[in-house]
Amino acid sequence: MFHVGGARSALFNWALAQQQPEGRFVLRIEDTDAARNKPEWTEGIISALAWLGISEADPHFEGPYFQSAYADEHIRTAERLYSGGQAYYCACTRDQVAERRGNPHLGYDGFCRDRGLEPGPGRALRFRVPDGGPTVVEDRIRGRVEFEHDNIEDFVIARADGSPLFVLANVVDDVEMGVNEVIRGEEHLSNTPKQQLLWEALGQTPPVWAPLPVIVNEKRQKLSKRRDKVALESYQDEGYLPEAMVNYLMLLGWSPGEDREIMPWEQMQPLFDISDVNSSSAFFDEKKLRAFNGEYIRALDADDFVERCRPYLAPDRAPWPASNFDEKAFRAVAPLAQSRIAVLGEIVPNVDFLFLDEPVFDEKSWNKAMKPGVGEEMLSASLERFGDPGQVWEAEALKTALEEVGQAQGLKLGKAQAPVRVAVTGRTVGLPLFESLELLGRDRVRARLEAALERLRADQAREQADAPAE
RNA sequence: GCCCCCAUCGUCUAGUGGCCUAGGACGCCGCCCUUUCAAGGCGGUAACGCCGGUUCGAAUCCGGUUGGGGGUACCA
């Protein structure tokens with residue numbers, strides 16, 4: 001599963017990488033265990049990135065990398081820091097530290113700092129944070145952020161079993177890969193001075209940091225996998241277009257500074273500047289994403305639209321019998337649906353009546369359209385009218401016909417069409433009716449009108465039976 | 001608790017001392033169009049958290065305050 005927050009970071013990185021001929025987008029999977037144990041997990045990220053247009057085939061793309069690729073170097077670096085005196089072994093347990101400090105929330109107290117402990121069982125390696133003075137982080141989004149060393153505890157860089165911690169592994173990887181610009185979530189900001197200290201201890205020039213403000217939910221909390229809908233895959237599945245997703249994500253915390261917000265990647269990418277990114281957190285507004293997606297869908301040309309709908313019409317997903325699908329009918333109706341759907345998945349309920357053996361009646365729609373009197377009158381009258389062999393079976397003529405049927409009942413077309421629509425499609429809302437009738441053909445339309453009429457009469461009979469006898 | 005970050009319409013943002021009686025986009029609300037629903041057109045609603053400074057002048061600079069958020073592991 002790929003997180004929308006990760007997707008935004010990736011896009012920002014990607015835009016920057018593409019702005020320079022030599023630019024690289026390095027994808028590093030920072031979760032060592034997951035990367036090692038769940039290859040499908042990283043494959044998911046790769047395919048989600050490819051969906052967004054960040055392809056492994058592109059020369060700007062590098063990765064994925066796993067920390068395990070540099071595992072030996074992690075260990076060597078830890079040893080080097082120890083022998084250089086920049087790190088020391090510590091035998092304290094968490095409980096011991098908490099007891100000494102009287103508060104479990106207070107950090108490490110430096111108990112073993114000058115004990116000169118040798119490596120040994122139960123001894124973790126801690127980084128010796130320099131005395132006094134601040135570490136200044138140059139942050140491309142906020143400017144300078146200062147951290148007093150007094151507030152940074154001597155943090156552990158290697159566990160008692162010798163395995164490196166994230167901070168160390170991360171820095172070693174960055175050094176190895178020549179990373180000079182780090183764009184990632186703001187949750188890492190307080191980790192950054194530690195990393196910078198490590199870079200300096202290793203005699204390296206630290207990279208430029210760009211901790212992106214987090215993406216939040218409606219309650220202004222950082223999006224969480226448990227609580228919020230964050231998986232890019234689920235948006236893809238519902239029928240969001242990657243172009244729309246990219247466009248929307250880029251606008252979260254950044255603005256191209258022009259009046260238009262809908263802008264293709266090619267146009268947006270050169271405009272992007274990481275230092276223009278906002279420093280405050282942004283709410284992921286699915287409604288706005290939907291609106292963007294609708295616009296992108298409408299901008300598709302007819303054939304492209306049909307092809308993009310294809311996955312939702314496939315036998316494994318569509319609710320109708322596969323053999324009922326009629327390519328010609330779908331192509332005829334697709335343009336009518338195109339302006340009516342905001343995500344591709346919605347194509348199905350719009351066209352299902354064409355391919356289902358019988359329409360699926362929406363209960364609310366039925367009750368609304370089949371009001372006493374109007375429903376039955378309209379159904380039987382139009383059944384008769386459509387049975388007239390002289391009736392031309394073409395949208396315009398059908399419209400005229402139904403108008404006349406309605407008039408005879410004293411109904412305007414708006415009211416008159418409702419029972420017919422529900423009888424034929426199952427719902428009160430949907431594609432333009434007369435085009436639908438034309439495509440369905442006289443026989444199927446008449447059969448459905450008849451079936452609805454039967455159902456309606458059965459309803460009424462039941463109601464009468466249920467009514468208390470006078 | 002401690003450290004750090006943030007603060008303009010409901011939301012995403014424009015805005016870097018006068019062009020701001022604060023602009024755009026999404027949403028929302030009207031009206032028009034209309035066979036339903038959309039789409040489209042037109043119009044509307046709505047914000048500089050608060051208090052002090054600095055300045056001829058502050059959404060923009062400074063201080064404080066309040067409110068949000070993140071971090072604080074031998075997690076990543």
Side-chain angles (χ1 to χ4, degrees), chain A residues 29-35 67 90 92-94 97 103-108 122-126 137 139 141-142 145-148 150-153 155-167 169-170 185-193 211 213-214 216 218-222 248 251-262 278-292 294-295 297-298 336-342 346 350 365 368-369 395 398-399 402-403 406 412-418 420-422 425 427-436:
Chain A
I29 312 296
E30 296 188 334
D31 188 332
T32 35
D33 293 334
Q67 290 178 344
C90 168
C92 302
T93 66
R94 185 207 283 254
V97 176
N103 182 338
H105 294 292
L106 262 31
Y108 182 64
R123 292 180 180 176
L125 188 63
R126 287 186 184 272
V137 170
D139 172 340
I141 291 175
R142 271 155 283 260
V145 186
E146 289 194 13
F147 297 85
E148 292 294 333
D150 292 349
N151 291 322
I152 306 174
E153 65 174 352
F155 53 95
V156 173
I157 56 177
R159 299 181 183 90
D161 67 3
S163 61
L165 263 80
F166 170 73
V167 252
N170 205 157
E186 192 185 17
E187 62 268 27
H188 292 281
L189 181 54
S190 41
N191 231 346
T192 304
V214 294
V216 298
E218 59 286 337
K219 287 156 86 181
R220 302 250 117 212
Q221 296 162 316
K222 190 177 103 173
Y248 177 71
L251 259 25
L252 228 43
W254 177 75
S255 156
E258 300 188 16
D259 264 6
R260 298 156 300 137
E261 289 195 325
I262 302 281
N278 261 312
S279 39
S280 52
S281 54
F283 167 61
F284 188 86
D285 186 359
E286 199 174 335
K287 274 195 175 164
K288 185 158 180 173
L289 172 63
R290 248 183 95 80
F292 274 36
E295 277 213 40
I297 285 180
R298 272 169 259 133
L336 300 175
Q338 193 169 357
S339 69
R340 264 162 258 256
I341 64 176
E346 288 167 0
N350 271 282
S365 296
K368 194 173 162 194
L398 289 166
K399 179 182 174 187
L402 200 68
E403 242 162 359
K412 290 197 170 165
L413 190 50
K415 292 270 186 209
Q417 55 96 39
V420 176
R421 177 182 292 279
V422 172
T425 71
R427 302 184 186 86
T428 47
V429 302
L431 268 25
L433 181 61
F434 305 107
E435 285 78 356
S436 303

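The chains referred to below are lettered A, B, ... by the order of the sequence lines, with proteins before strands, and numbering in each begins at 1. Just the heavy atoms: all of them, side chains too, but no hydrogens, waters or symmetry mates, feed the values below. In this text, all values refer to a predicted model and were calculated from it rather than measured experimentally.
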Undergrad: Is there a Watson-Crick or G-U wobble partner for B:G17 with both distances under 3.5 Å, and if so, which one is it?
TA: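 Across any shown strand, B:G17 pairs with none.
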Undergrad: Rounded to whole angstrom units, what separation is found between the CD1 atom of A:I297 and the P atom of B:A38?
TA: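 Rounding to the nearest Å, CD1 of A:I297 and P of B:A38 are 16 Å apart.
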Undergrad: What is the base-pairing partner of B:A59, counting Watson-Crick and G-U wobble geometry with both distances under 3.5 Å?
TA: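 Check on B:A59: unpaired, no WC or wobble geometry under 3.5 Å.
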Undergrad: Would you tabulate the nitrogen or oxygen pairs shorter than 3.5 Å linking the protein to nucleotides 14-16 of chain B?
TA:
from: B:A14; atom 1: OP2; to: A:N278; atom 2: ND2; distance (Å): 3.3

Undergrad: Quickly work out the A:E187 CD to B:G70 P distance and round it to whole Å.
TA: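 From A:E187 CD to B:G70 P: 10 Å.
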Undergrad: Taking OP1 and OP2 of B:C12, is either one under 4.0 Å from a side-chain nitrogen or oxygen of A:R220?
TA: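 True: A:R220 side-chain N/O within range (under 4.0 Å) of B:C12 OP1/OP2.
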Undergrad: Is there a side-chain contact between A:F147 and A:T192, using heavy atoms and a 4.5 Å cut-off?
TA: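 Heavy-atom side-chain distance check fails, nothing below 4.5 Å.
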Undergrad: Decide yes or no, distance alone: a donor-acceptor N/O pair under 3.5 angstrom between the base of B:G69 and the side-chain of A:E186.
TA: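 No such pair is found, so the answer is no.
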Undergrad: Please give the distance between the C1' atoms of B:U72 and B:G10 as a whole number of Å.
TA: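 Pairwise C1' distance, B:U72 against B:G10, rounds to 33 Å.
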Undergrad: In whole angstrom, give the distance that lies between atom CG of A:D150 and atom C1' of B:G1.
TA: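 From A:D150 CG to B:G1 C1': 17 Å.
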Undergrad: Nearest to the side chain of A:E435 - B:U35, B:G70, B:C12?
TA: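 My answer, after comparing the listed nucleotides, is B:U35.
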Undergrad: Could you go over nucleotides 39-42 of chain B and give all protein N or O partners under 3.5 Å, atom names and distances?
TA:
from: B:A39; atom 1: O4'; to: A:S339; atom 2: O; distance (Å): 3.4
from: B:A39; atom 1: O3'; to: A:R298; atom 2: NH1; distance (Å): 3.3
from: B:G40; atom 1: OP1; to: A:R298; atom 2: NH1; distance (Å): 3.2

Undergrad: Should A:S281 and A:K222 count as side-chain neighbours, where that means a heavy-atom distance under 4.5 Å?
TA: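 A side-chain contact under 4.5 Å is absent here.
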Undergrad: How close or far is atom P of B:C28 from atom NZ of A:K288, stated in whole angstroms?
TA: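 Checked: the NZ to P distance equals 13 Å.
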Undergrad: Looking only at the side chain of A:S280 (C-beta and beyond, no hydrogens), which of the listed nucleotides B:U35, B:C12, B:C6 gets closest?
TA: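 So the side chain of A:S280 is nearest to B:C6.
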Undergrad: Within this structure, what is the CG-to-C1' distance between A:L336 and B:U36, rounded to whole angstrom?
TA: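 Going from CG in A:L336 over to C1' in B:U36 covers 13 Å.
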Undergrad: Scan A:R427 against the nucleic acid and name what it touches under 4.0 Å (heavy atoms): base, sugar-phosphate only, or nothing.
TA: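 The answer is nothing, as A:R427 stays clear of every strand by at least 4.0 Å.
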Undergrad: How close do A:P211 and A:I141 get, counting heavy atoms only, and between which atoms?
TA: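 The answer is O-CD1, 3.5 Å.
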Undergrad: Mind checking the C1' distance from B:C19 to B:U45? Whole angstroms is fine.
TA: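 Here B:C19 and B:U45 have their C1' atoms 26 Å from each other.
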Undergrad: Work out how far the C1' atom of B:U65 is from that of B:A73, and round it to whole angstrom.
TA: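 Roughly 33 Å separates the two C1' atoms.
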Undergrad: For atom P, what is the distance between B:C6 and B:G43, given to the nearest Å?
TA: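 Between the two P atoms, the distance is 39 Å.
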Undergrad: Say you pick atom C1' in B:U13 and the same atom in B:U34; how far apart are they, in whole Å?
TA: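 That atom pair is separated by 35 Å.
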Undergrad: Considering non-hydrogen atoms only, spot the tightest contact between A:E186 and A:P213 and give its length.
TA: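 Closest heavy-atom pair between A:E186 and A:P213: OE1-CA, 3.5 Å.
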Undergrad: Are side-chain heavy atoms of A:Q221 and A:V216 found at a separation under 4.5 Å?
TA: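 Side chain of A:Q221 against side chain of A:V216, heavy atoms only: no contact under 4.5 Å found.
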Undergrad: What distance, rounded to whole Å, do you find between the two P atoms, one in B:A39 and one in B:G52?
TA: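 47 Å, rounded to whole Å.
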Undergrad: To the side chain of A:V145, which of B:U35, B:C4, B:A7 is closest?
TA: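 Ranking B:U35, B:C4, B:A7 by closest atom to the A:V145 side chain puts B:C4 first.
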Undergrad: With a 3.5 angstrom cut-off on both distances, give the Watson-Crick or G-U wobble partner of B:G1, or none if there isn't one.
TA: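 Check on B:G1: paired to B:U72, both distances under 3.5 Å.
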Undergrad: Is A:K287 close enough to B:G27 that one of its side-chain N or O atoms is under 4.0 Å from OP1 or OP2 there?
TA: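 False: A:K287 side-chain N/O out of range (4.0 Å or more) of B:G27 OP1/OP2.
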Undergrad: Supply the atom-to-atom distance A:L433 CG to A:T425 OG1, rounded to the nearest 0.5 angstrom.
TA: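 Reported to 0.5 Å precision, the distance equals 7.5 Å.
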Undergrad: Only pairs with both distances under 3.5 Å count, Watson-Crick or wobble alike; so what is the partner of B:C26 in this structure?
TA: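 Across any shown strand, B:C26 pairs with B:G10.
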Undergrad: Would you mind telling me which residue lines up with the more 5' stretch of RNA chain B, A:C92 or A:Q417, judged by nearest nucleotide?
TA: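 Mapping each residue to its closest nucleotide by heavy atoms, the 5'-most match is A:Q417.
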Undergrad: Walk me through whether A:T428 and A:V422 qualify under side-chain contact (heavy atoms from CB on, under 4.5 Å).
TA: CA-CA 6 Å; A:T428 47; A:V422 172; 3.7 Å; yes
Undergrad: Between B:U60 and B:A7, how many Å separate the two P atoms, rounded to a whole number?
TA: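 So the two P atoms sit 12 Å from each other.
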Undergrad: Which one, B:U35, B:G70, B:C3, comes nearest to the side chain of A:N151?
TA: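 Of the candidates, B:C3 comes closest.
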Undergrad: Between A:F166 (CZ) and B:G71 (P), how many Å, whole number?
TA: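 One finds 13 Å between P of B:G71 and CZ of A:F166, rounded.
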Undergrad: So, is A:K219 near the phosphate of B:G69, with a side-chain N or O under 4.0 Å from OP1 or OP2?
TA: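 No, A:K219 has no side-chain N/O under 4.0 Å of OP1/OP2 on B:G69.
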Undergrad: When you measure from the side chain of A:R421, which nucleotide among B:C26, B:U35, B:G71 comes out closest?
TA: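 In terms of side-chain proximity for A:R421, the closest of B:C26, B:U35, B:G71 is B:U35.
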Undergrad: Can you tell me how far P of B:C5 sits from CG of A:N191, to the nearest Å?
TA: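 The distance from CG of A:N191 to P of B:C5 comes to 15 Å, rounded to the nearest Å.
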Undergrad: At under 4.0 Å, does any side-chain N or O of A:R159 touch on OP1 or OP2 of B:A73?
TA: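 Checking B:A73 against A:R159, no side-chain N or O comes under 4.0 Å of OP1 or OP2.
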Undergrad: As a test of understanding, state which of A:Q338, A:E346, A:R340 forms a side-chain contact (heavy atoms from CB on, under 4.5 Å) with A:I297.
TA: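 That would be A:Q338.
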Undergrad: Atom CZ of A:R94 to atom C1' of B:A73: distance rounded to whole Å?
TA: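 Atom CZ in A:R94 sits about 5 Å away from atom C1' in B:A73.
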Undergrad: What's the gap between B:G1 and B:G27 when it is taken at their C1' atoms, as a whole Å value?
TA: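 Looking at atom C1' only, B:G1 and B:G27 are 41 Å apart.
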Undergrad: Identify each atom pair where a protein N or O and an N or O of nucleotides 60-62 of chain B are less than 3.5 Å apart, giving names and distance.
TA:
none

Undergrad: Which residue lies toward the 5' end of RNA chain B, A:R123 or A:P432, if each is placed at its nearest nucleotide?
TA: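 Looking at RNA chain B, the more 5' nearest nucleotide goes with A:P432.
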Undergrad: Side chain of A:S190 only, please: which of B:C12, B:G70, B:U36 is the nearest?
TA: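 It is B:G70.
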Undergrad: Once the angle between the rings of A:H188 and A:F166 is folded into 0 to 90°, is it parallel (under 30°), tilted (30 to 60°) or perpendicular (over 60°)?
TA: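 Correct class here is tilted.
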Undergrad: Any chance you could lay out the side-chain contact (heavy atoms from CB on, under 4.5 Å) test for A:F155 and A:L165, step after step, and finish with the verdict?
TA: CA-CA 10 Å; A:F155 53 95; A:L165 263 80; over 6 Å; no
Undergrad: Given B:C5, B:A25, B:C6, which nucleotide is nearest the side-chain atoms of A:S279?
TA: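 Per side-chain heavy atoms of A:S279, the pick is B:C6.
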Undergrad: Looking only at non-hydrogen atoms, find the nearest pair between A:A337 and A:L431 and report the distance.
TA: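 Closest heavy-atom pair between A:A337 and A:L431: CA-CD1, 4.0 Å.
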Undergrad: Compare the minimum distances between each of B:G69, B:C74, B:G27 and the side chain of A:A124, then state the nucleotide with the smallest one.
TA: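 Ranking B:G69, B:C74, B:G27 by closest atom to the A:A124 side chain puts B:C74 first.
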Undergrad: Verify side-chain contact (heavy atoms from CB on, under 4.5 Å) between A:N191 and A:N170, making sure each step is shown before the conclusion.
TA: CA-CA 11 Å; A:N191 231 346; A:N170 205 157; over 6 Å; no
Undergrad: At their closest point, which heavy atom of A:R421 faces which heavy atom of A:R427, and how far apart are they?
TA: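 That closest heavy-atom pairing would be CG-O, 3.2 Å.
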Undergrad: Would you mind classifying the nucleic acid contact of A:F147 as base, sugar-phosphate or nothing, using non-hydrogen atoms under 4.0 angstrom?
TA: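 Sugar-phosphate: the residue A:F147, judged by heavy atoms under 4.0 Å, touches backbone atoms but no base.
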Undergrad: Can you name the nearest heavy-atom pair linking A:D285 to A:Y248, along with the distance?
TA: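 That closest heavy-atom pairing would be N-OH, 2.7 Å.
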Undergrad: Tell me the partner of B:C37, counting only Watson-Crick (N1-N3 plus N6-O4 or O6-N4) or G-U wobble (N1-O2 and O6-N3) with both under 3.5 Å; none if nothing fits.
TA: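 Pairing partner: none.
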Undergrad: Between A:D161 and A:S163, do the side chains contain a donor N or O and an acceptor N or O under 3.5 Å apart?
TA: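 The criterion, which ignores hydrogens and geometry beyond distance, is satisfied for A:D161 and A:S163.
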Undergrad: Could you work out which one of B:C12, B:U35, B:C3 sits closest to the side chain of A:L433?
TA: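 Per side-chain heavy atoms of A:L433, the pick is B:U35.
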